[in-house]
There are 2 protein chains.
Amino acid sequence: MTVKNSLLAILSQEPTHGYGLKSAFEETTSGTWPLNVGQVYQTLNRLERDGLVETGPVDDSTRQTWQITQAGRDALGGWYGEPVAADPPIRDELAIKVLLAVATDEADISDILTTQRTATMERIQELTRHKRKADPDAELPWLLLVEALILKAEAEVKWLDLCEAHLARRTKR
Amino acid sequence: MTVKNSLLAILSQEPTHGYGLKSAFEETTSGTWPLNVGQVYQTLNRLERDGLVETGPVDDSTRQTWQITQAGRDALGGWYGEPVAADPPIRDELAIKVLLAVATDEADISDILTTQRTATMERIQELTRHKRKADPDAELPWLLLVEALILKAEAEVKWLDLCEAHLARRTKR
DNA sequence: ACAGCCATGTAACTTGTTACATGATTTT
DNA sequence: AAAATCATGTAACAAGTTACATGGCTGT
């Protein structure tokens, strides 16, 4: 749903052609989430099928633009109005992996935790470098995004530490 | 990939029949992530197609079991050995939503942040109740899971606060 | 007898994604 | 002239998910 709603959000501003949607999405997310153009056209067809967008005027007499319909605006309003779903929480690959490793008594559980922590801490370092370089006036979206990624990564490291503590405690007895 | 690898992890212990895989997965994740049985059979067919599992003996002379192949063990080892992918980071619906709202100058950006924070804080309260009730000896996986969800939710709230601070600062000038 | 769970399986569908074919325009 | 980017579109596939059909077993 994320890609669909994102395209609707961009189209809610002005009619846009396919490639323009790709560019706008990647600009807005500062290149963090690349979007294959092919997927834009696929998604537009699906949105049209569902009556959320329709073809608009041809700009420069070459490019086909798409525009949002009222149903599309309603759907977008619904997306903005509802908190992101947390029930059931979205599948957390790391949590599932660790829980399965614990449940199946996978020998290398400690290795798994260490490997993940190393990777995540390196990531935090890199993100922090980006954050220091970011200009909060000119690049507010980029800064917000970097901060989101850092906070997520930090939460992950905290959890990995908790896991180790629990497991060490369990092994001892 | 998560469901596929999860089934491999369970099968790495012992051959299991379809419904047993569903039960084992839900038990391991303490019911947090329900798994439709139909999906188990679908996934088993795909794993068989890829040579990662094969049909095993029929237990009780009624139920068809499945067992992991060497290729399956290799794939599972790869999953355990690699940190979960962070490049590009997995799509964060909330971050994308907020960034798009900022970029398109969506009027209700403050509402979006408030709605999300309210929902997430309620979630934290509920999770904290679960955490207090959990017995760390008998229910270690459940406790770990609850802690993961709490840490994630807390990071989300922190980020929402940061967003508001940045936006307030921007509006002022 | 009936409800509820255990159990298997298939069909259909959604979302996301990549690979490919094709060509115009722009930059070097 | 070559390379890069802009631009559109289709085919095919991967992964997740639901709905449905079907029947056995178990406890009340």
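Sequence lines set the chain letters: A, B, ... in the order given, protein chains first and strands last, and positions in each chain run from 1. Atom set for the values below is all heavy atoms of this structure, side chains included, hydrogens, waters and symmetry mates excluded. Remember, it's a predicted structure, so these values are computed and weren't measured experimentally.
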Separation of C/dG9 atom P from B/L21 atom CG, nearest Å, is 12 Å
From CG of A/L35 across to C1' of D/dC6 the rounded distance in Å is 15 Å
Please classify the nucleic acid contact of [X] as base, sugar-phosphate, or nothing, using heavy-atom distances under 4.0 Å.
| X | result |
| --- | --- |
| A/V37 | base |
| B/G38 | base |
| A/K22 | nothing |
| B/T2 | sugar-phosphate |
| A/Q64 | sugar-phosphate |
| A/R91 | sugar-phosphate |

Return yes if the base of D/dG16 and the side-chain atoms of B/R46 contain a donor-acceptor N/O pair under 3.5 Å, otherwise no.
-> yes
Quick note, A/Q42 side chain, CB onward, closest among D/dA14, C/dT18, D/dG9 is C/dT18
Establish, from distance only, whether the side-chain atoms of B/W159 and B/Q116 form a donor-acceptor pair under 3.5 Å.
-> no
Residue pairs, two or more places apart or on separate chains, that pass salt bridge (charged side-chain N to carboxylate O under 4.0 Å, His left out) and touch residues 145-167 of chain A | A/R117-A/D161, A/R117-A/E164, A/K131-A/E147, A/K152-B/D92
